[in-house]
Number of protein chains: 2
Amino acid sequence: MFQVGEVSRRLGLNPQTLYFYERIGLMPSPKRTAAGYRLYEPPDLERLSFITQAKALGLSLDDIKDLLMLQDGQQLSCQEVYDRLLKKVQHIDETISKLQTLKAQLNPLLEQCQQSLAQTQIGQQCVVFQQHPLVTSAEPLHNPSLHNWEDLNYDTQG
Amino acid sequence: MFQVGEVSRRLGLNPQTLYFYERIGLMPSPKRTAAGYRLYEPPDLERLSFITQAKALGLSLDDIKDLLMLQDGQQLSCQEVYDRLLKKVQHIDETISKLQTLKAQLNPLLEQCQQSLAQTQIGQQCVVFQQHPLVTSAEPLHNPSLHNWEDLNYDTQG
DNA sequence: GTTGACCTTATACTTAGGTATAAGGTGTAG
DNA sequence: CTACACCTTATACCTAAGTATAAGGTCAAC
């Protein structure tokens, strides 16, 4: 029987994360002391351990919730885990592909900048963002030929 | 001189996006009609066109704001653009590398699942999430040997 | 009793880039 | 005048996964 602080230290989680998991239904409410303090039992800790492992494998909390619901009713299906991990791997492949496409588009612009730098003095007007003619037509000005960056949820600041 | 609706159609932006860009300081406030309607002039549209192009190249709005501040004072420096695009490409490389590492970790687990499925009936307890022994020690239970998924800001649902 | 560590609940906030909603005002054609 | 399209501002909301903050209550050592 462990209280929140002990559990959070053992699992490397923030106590608030434990409350959060309970709030979103990922964890059932554990027993309580007379004072209202949570008392986690070993199966609770096993469940939390499962959660942290699945997170490390890239499963979302929603995925994990699904799997845990399956487990609650019966033995955890290897097929279900396989399906979700396969989906993750496929999504990794897609993202890599998109990133490579985008990089392939950026590299010529980089080279263009480099050439421009080599030929002119520092401070020269950049050629990458071509100046459009004064807008006199109804033609949309956005450039759809560039890969749509917004397809990637991807932290540019790392 | 164009009003919000016209500008948004020409640039493929939502009118609310125009208000948003002004609110966050990315766009200076354009002129107004006597009724308070915005009137965008060609240099305004050029600025917005620059913004949409830079976004398509993967620059964040903060990056774009920086560049535009440079441009406001003088000619846009090719060096500044090059630096930012290079940083983007480097970040793409890092993310691809991390994704490949994660994939390399997931594949053996997938194979393990596959073997387990081949050898046993559907519904067999999954072996990927090994059952931990009952928690009797102060040893943290999280598994730091797996790649830290949270380093990647990466949409798992696509 | 006091103090400090720990526990509780509820809610706001973080990140980036919007976007929806609400409550108005304006312009023009019929 | 009416109706509808368009404009305005302000604020809430969205995404996922926490995390910070506030305002308490509890426990045990001194």
Side-chain angles (χ1 to χ4, degrees), chain A residues 1-27 29-40 48 51-52 54-66 88 91 95 142 148-158, chain B residues 1-27 29-40 48 51-52 54-66 88 91 95 142 148-158:
Chain A
M1 311 285 267
F2 305 95
Q3 291 183 0
V4 164
E6 183 88 33
V7 175
S8 61
R9 281 188 296 275
R10 286 171 179 269
L11 291 177
L13 296 173
N14 187 316
Q16 290 286 341
T17 307
L18 296 179
Y19 305 137
F20 174 63
Y21 286 169
E22 199 179 312
R23 189 165 75 243
I24 64 172
L26 199 54
M27 271 299 290
S29 296
K31 290 184 172 36
R32 298 289 181 116
T33 65
Y37 287 20
R38 291 169 174 76
L39 286 180
Y40 290 89
L48 285 166
I51 291 167
T52 57
K55 276 202 323 147
L57 293 179
L59 297 178
S60 67
L61 296 186
D62 254 5
D63 286 335
I64 297 167
K65 196 193 284 187
D66 286 349
K88 286 291 163 287
H91 195 266
T95 304
H142 59 288
N148 188 352
W149 180 258
E150 283 119 16
D151 284 346
L152 303 168
N153 186 3
Y154 159 60
D155 186 350
T156 61
Q157 302 302 329
Chain B
M1 312 286 264
F2 305 94
Q3 290 183 1
V4 163
E6 182 87 33
V7 174
S8 59
R9 280 189 295 276
R10 285 171 179 267
L11 292 175
L13 296 171
N14 187 316
Q16 288 288 340
T17 307
L18 295 178
Y19 305 137
F20 173 63
Y21 286 169
E22 200 178 312
R23 189 162 77 241
I24 63 172
L26 199 55
M27 272 298 289
S29 297
K31 290 186 176 32
R32 298 288 182 117
T33 66
Y37 286 22
R38 289 168 177 77
L39 285 180
Y40 290 88
L48 284 166
I51 291 166
T52 58
K55 277 204 319 150
L57 293 179
L59 297 178
S60 68
L61 296 187
D62 253 6
D63 286 334
I64 297 166
K65 197 193 283 189
D66 286 348
K88 287 288 165 289
H91 196 264
T95 304
H142 58 289
N148 187 352
W149 180 259
E150 282 120 20
D151 286 344
L152 303 170
N153 188 2
Y154 160 62
D155 185 349
T156 60
Q157 302 304 327

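Because the structure is predicted, anything quoted here is derived from the model rather than measured. Order of the sequence lines sets the chain letters (A, B, ...), proteins ahead of strands, with each chain counted from 1.
Side-chain proximity of A:R23 to C:dC7, C:dT11, C:dA20: nearest is C:dT11. Among the nucleotides D:dG25, C:dT26, D:dC27, the one closest to any side-chain atom of A:Y37 is D:dG25.
Taking CG of A:L48 as the start and CE of A:M27 as the end, the distance is 4.0 Å to the nearest 0.5 Å. To the nearest 0.5 angstrom, B:T17 atom OG1 is 11.0 Å from B:I51 atom CD1.
Map B:A35 and A:T17 each onto its nearest nucleotide of DNA chain D; the residue landing nearer the 5' end is B:A35.
Straight-line distance from the CE atom of B:M27 to the P atom of C:dG18: 14 Å, rounded to whole Å. The CD-C1' distance, from B:E6 to C:dG27, rounds to 16 Å in whole Å. Atom CG in A:L18 sits roughly 16 Å away from atom P in D:dA17 (whole-Å rounding). Atom pair B:F20:CZ and D:dT11:P shows a separation of 16 Å (rounding to whole Å applied). Distance, B:N14 CG to D:dC14 P: 18 Å, rounded to whole Å. Atom CZ in A:R9 sits roughly 12 Å away from atom C1' in C:dC7 (whole-Å rounding). Following rounding to the nearest Å, B:I24 (CD1) and D:dA10 (P) show an atom-to-atom distance of 16 Å. Look at CG on A:D63: it is 15 Å from C1' on D:dT15, rounded to the nearest Å.
Using a 4.0 Å heavy-atom distance criterion, A:R32 is classed as a sugar-phosphate-only contact.
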*Please walk me through it: do A:Y19 and A:V4 pass side chain to side chain contact (heavy atoms under 4.5 Å, CB included)?*
CA-CA 9 Å; A:Y19 305 137; A:V4 164; 3.8 Å; yes
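Put simply, A:R38 has a side-chain N or O that comes within less than 4.0 Å of OP1 or OP2 on C:dT8. Not one side-chain nitrogen or oxygen of A:K55 sits closer than 4.0 Å to the OP1 or OP2 atom of D:dA16. Residue A:Y19 places at least one side-chain N or O under 4.0 Å from the OP1 or OP2 atom of C:dT8.
Residue-to-nucleotide contacts include no donor-acceptor pair under 3.5 Å from the side chain of B:Y21 to the base of C:dG18. With hydrogens and angles left out, the side chain of B:Q16 and the base of C:dT21 share a donor-acceptor pair within 3.5 Å.
Minimum heavy-atom separation, A:K88 to A:G58: CE-O, 2.8 Å. Between B:Q3 and B:Y40 the shortest heavy-atom distance is C-CD1, 4.4 Å.
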